[in-house]
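Written out below as structure tokens is the structure these notes cover.
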Amino acid sequence: METLFTLILLTAIYGLAFLSIMPERYIKKLNPSFRHRHLPEYKKFALGGSIFLCFLFGYICASAMLYFFI
């Protein structure tokens with residue numbers, strides 16, 4: 001139970017850290033809708049992909065930390 005809680009906590013910490021480090025210009029490069037000029041403005045700011053990738057990298061780092069240190 002402690003291992004699961006630690007994995008969830010470290011995933012959140014690392015995911016938010018990666019999300020705060022990633023600049024906005026890289027987030028814009030990840031989102032292909034920025035290349036199309038005919039889309040409405042509200043659709044150009046979909047950050048779901050970058051948030052998913054940051055938390056995926058956070059999960060990978062957290063699982064590596066748990067694997068090597070516990």
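Remember, predicted model here, so these are calculated numbers, not experimental data. Residues: numbered from 1 along the sequence shown.
With values rounded to the nearest 0.5 angstrom, Leu10 atom CG is found 9.5 Å from Phe5 atom CZ. The distance from the CD1 atom of Ile21 to the OH atom of Tyr14 is 11.0 Å, given to the nearest 0.5 Å.
Applying the side chain to side chain contact (heavy atoms under 4.5 Å, CB included) rule to Leu7 yields the partners Thr11, Tyr59, Ala62, Ser63, Leu66; only residues at least two apart in sequence or on another chain are considered.
The hydrophobic cluster containing Leu56 does not contain Ile8, counting ILVMFWY residues as joined when their side-chain heavy atoms lie under 4.5 angstrom apart, directly or transitively.
For Phe57, the CZ atom counts as loosely surrounded, since its 6.0 Å shell holds 12 or fewer non-hydrogen atoms of other residues, nucleotides or ligands.
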